[in-house]
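Report on one structure; see the data block that follows.
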Protein chains: 2
Amino acid sequence: MAQRKNIARDDILLSAHALLANVGFHGFSMRDLADEVGISSASLHHHTPTKDEMATAVVQRERDRLNKRLASIGAEHEDWPRRRPELMQSLTETRLTAVLMAELAGLPPKCQAELRLLHSNLIGWLTRFATEAIRRQEMPQNTEPEALAGTMLALAQGAALYSTVAPVGPTWLLADLRPVTSAL
Amino acid sequence: MAQRKNIARDDILLSAHALLANVGFHGFSMRDLADEVGISSASLHHHTPTKDEMATAVVQRERDRLNKRLASIGAEHEDWPRRRPELMQSLTETRLTAVLMAELAGLPPKCQAELRLLHSNLIGWLTRFATEAIRRQEMPQNTEPEALAGTMLALAQGAALYSTVAPVGPTWLLADLRPVTSAL
DNA sequence: GTCTATACAGGGATAGAC
DNA sequence: GTCTATCCCTGTATAGAC
């Protein structure tokens, strides 16, 4: 019944996600998206009434996906050494959030709010992971979990940002960053 | 004679830089910029004929500024422990490049080319710094300079990207990232 | 160098037929 | 649900007077 509509909406959100992650919210038009999906712009607006709503839905989807993914990582492993690679890979593969964060102030209200929520979720997960790792003595004891969460997010999302011009190599996130990050 | 014009163009590029770094290339209009500067959009186009040219000029300026800054850091100190903080701070304070990299594929041709050049310059500097630090035995000997350059850029620019929502704290880039980056 | 006025394309969004 | 056609606004850019 409503099956075909749902499928169509998923197709739209998938194409929308790709465009958003490539050129950002203001980098493409609803007509561009309609062409990508293969329908008219009027049909597109039938499924997703405004551009704001469309982008919001995409971000919401990504937020759900990431929350589930991070929860799964937390449930699958207890130790940080095994959580780390999957976690960093997940965040490094997520270019959407990095691109939208870049234009945050220019985003329409709903989409902007949803993105802030996504960011807040991520910081929450990362802080929790760091806290546990410190308690388990798998991280230095004098580390602040919040600072580490911010740094991890910056590193992974920065890599995502530059992934189009310099693909993250196998050794990228494995380098010993002590000389970069540790104080004198 | 041409003095007032140059001053005006600098005013324009300064306001343009702020807008570009805040909401990205497609996040504002030439009218917005004209309003910001305090002139009509026609006057704006008198100084900078196209939006592409305007953004290109801003990126070019930033490229010059960064090249001089990094050269100065390299000349001022010889050792990596003293180069590191100034270097990372310079890159973390540069939000413009991070925002524009996000929409790279959607940028007009000249601006896109100029941005790629800026990125290439940065990687060049970072790779050189890393190479020297390794030779001076201030970094682990088994590190690949290119990988480290990419990672440093990702970390700093990621921090720049998220600086609007979570200002980089004093401990941020000082954390020991071994648990994040080093392999199992 | 600055303005008003305007051209013209492209943007988001809607009407209404099928 | 999809289309064609269209509305109306915004966007870039130009013309031409002052």
Side-chain angles (χ1 to χ4, degrees), chain A residues 1-20 22-59 99-100 103 105-112 114, chain B residues 1-20 22-59 99-100 103 105-112 114:
Chain A
M1 14 179 96
Q3 191 95 21
R4 282 182 59 201
K5 178 183 175 181
N6 284 341
I7 290 178
R9 186 170 162 93
D10 275 13
D11 288 347
I12 289 170
L13 294 185
L14 212 69
S15 293
H17 186 123
L19 282 170
L20 285 169
N22 264 325
V23 292
F25 182 87
H26 293 104
F28 69 98
S29 69
M30 291 296 269
R31 288 195 237 260
D32 292 334
L33 176 54
D35 287 352
E36 196 72 25
V37 178
I39 57 179
S40 72
S41 90
S43 298
L44 175 59
H45 275 92
H46 174 79
H47 291 282
T48 171
T50 68
K51 197 182 181 184
D52 186 1
E53 188 275 340
M54 176 272 289
T56 305
V58 170
V59 175
V99 171
L100 292 186
E103 43 182 349
L107 293 177
K110 289 181 193 169
C111 178
Q112 183 175 145
E114 188 65 35
Chain B
M1 14 181 79
Q3 192 95 20
R4 285 180 58 202
K5 179 182 173 179
N6 285 340
I7 290 178
R9 184 170 163 96
D10 274 14
D11 287 348
I12 289 170
L13 294 185
L14 213 68
S15 293
H17 185 122
L19 282 170
L20 285 168
N22 264 324
V23 292
F25 182 86
H26 294 104
F28 69 99
S29 69
M30 291 297 267
R31 285 195 240 255
D32 292 334
L33 176 55
D35 287 352
E36 194 72 25
V37 178
I39 56 178
S40 71
S41 90
S43 297
L44 175 59
H45 275 91
H46 174 77
H47 291 283
T48 171
T50 69
K51 197 182 181 186
D52 185 2
E53 188 274 340
M54 175 272 289
T56 305
V58 171
V59 175
V99 171
L100 292 186
E103 44 183 351
L107 294 177
K110 289 180 193 170
C111 178
Q112 183 175 145
E114 188 64 36

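First the proteins, then the strands, lettered A, B, ... as listed; each starts at 1.
- With rounding to whole Å, A:H26 atom NE2 is found 19 Å from D:dC9 atom P.
- Rounded to an integer number of Å, the gap from CZ of A:R9 to C1' of D:dT2 is 17 Å.
- Look at CG on A:L44: it is 12 Å from P on C:dT14, rounded to the nearest Å.
- Separating the NE2 atom in A:H47 from the CG atom in A:D11 is a distance of 9.5 Å, to the nearest 0.5 Å.
- With hydrogens and angles ignored, the 3.5 Å screen pairs no side-chain donor or acceptor of B:E53 with any backbone N or O of B:T48.
- An OP1 or OP2 oxygen of D:dG1 is reached within less than 4.0 angstrom by no side-chain nitrogen or oxygen of A:S43.
- Residue A:S29 is in sugar-phosphate contact alone, with no base atom involved, counting any heavy-atom pair closer than 4.0 Å across all strands shown.
- Here A:L20 contributes atom CG and A:H26 contributes atom NE2; the two are 11.0 Å apart, rounded to the nearest 0.5 Å.
- Spacing between atom NE2 of A:H47 and atom P of C:dG12 amounts to 17 Å, rounded to whole angstrom units.
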At under 4.0 Å between heavy atoms, how does the protein contact nucleotides 13-18 of chain D? Give one character per nucleotide, 5' to 3', with B, S or -.
BBB---
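- The main-chain N or O of B:S29 is found under 3.5 Å from a side-chain atom of B:D32 such that the two form a donor-acceptor pair.
- Expressed to the nearest 0.5 Å, how far NE2 of A:H46 lies from CZ of A:R9 amounts to 11.0 Å.
- Between the NE2 atom of B:H45 and the OG1 atom of B:T50 there is a distance of 7.5 Å, given to the nearest 0.5 Å.
- The distance from atom CD1 of A:I39 to atom P of D:dC3 is 7 Å, rounded to the nearest whole Å.
- Atoms CG (A:D10) and P (D:dG1) sit 13 Å apart, rounded to a whole Å.
- Atom CE of B:M54 and atom CE of B:M30 lie 5.0 Å apart (nearest 0.5 Å).
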Secondary-structure string, 5' to 3', Watson-Crick or G-U under 3.5 Å, | for another-strand partners, for DNA chain C
||||||||||||||||||
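- Between the CG atom of A:L33 and the C1' atom of C:dA13 there is a distance of 14 Å, given to the nearest Å.
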Could you go through residues 33-44 of chain A and list every donor-acceptor pair under 3.5 Å that involves a side-chain atom there, pairing it with any protein atom two or more places apart or in another chain?
unit_1	atom_1	unit_2	atom_2	d
A:S40	OG	A:S43	N	3.2
A:S40	OG	A:S43	OG	3.1

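- We find that CZ of B:F28 is positioned 17 Å from P of C:dG11, with the value rounded to whole Å.
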Given the rule in the side chain to side chain contact (heavy atoms under 4.5 Å, CB included) test, do B:V99 and B:F25 qualify, once you have shown the distances and angles that lead to the verdict?
CA-CA 9 Å; B:V99 171; B:F25 182 86; over 6 Å; no
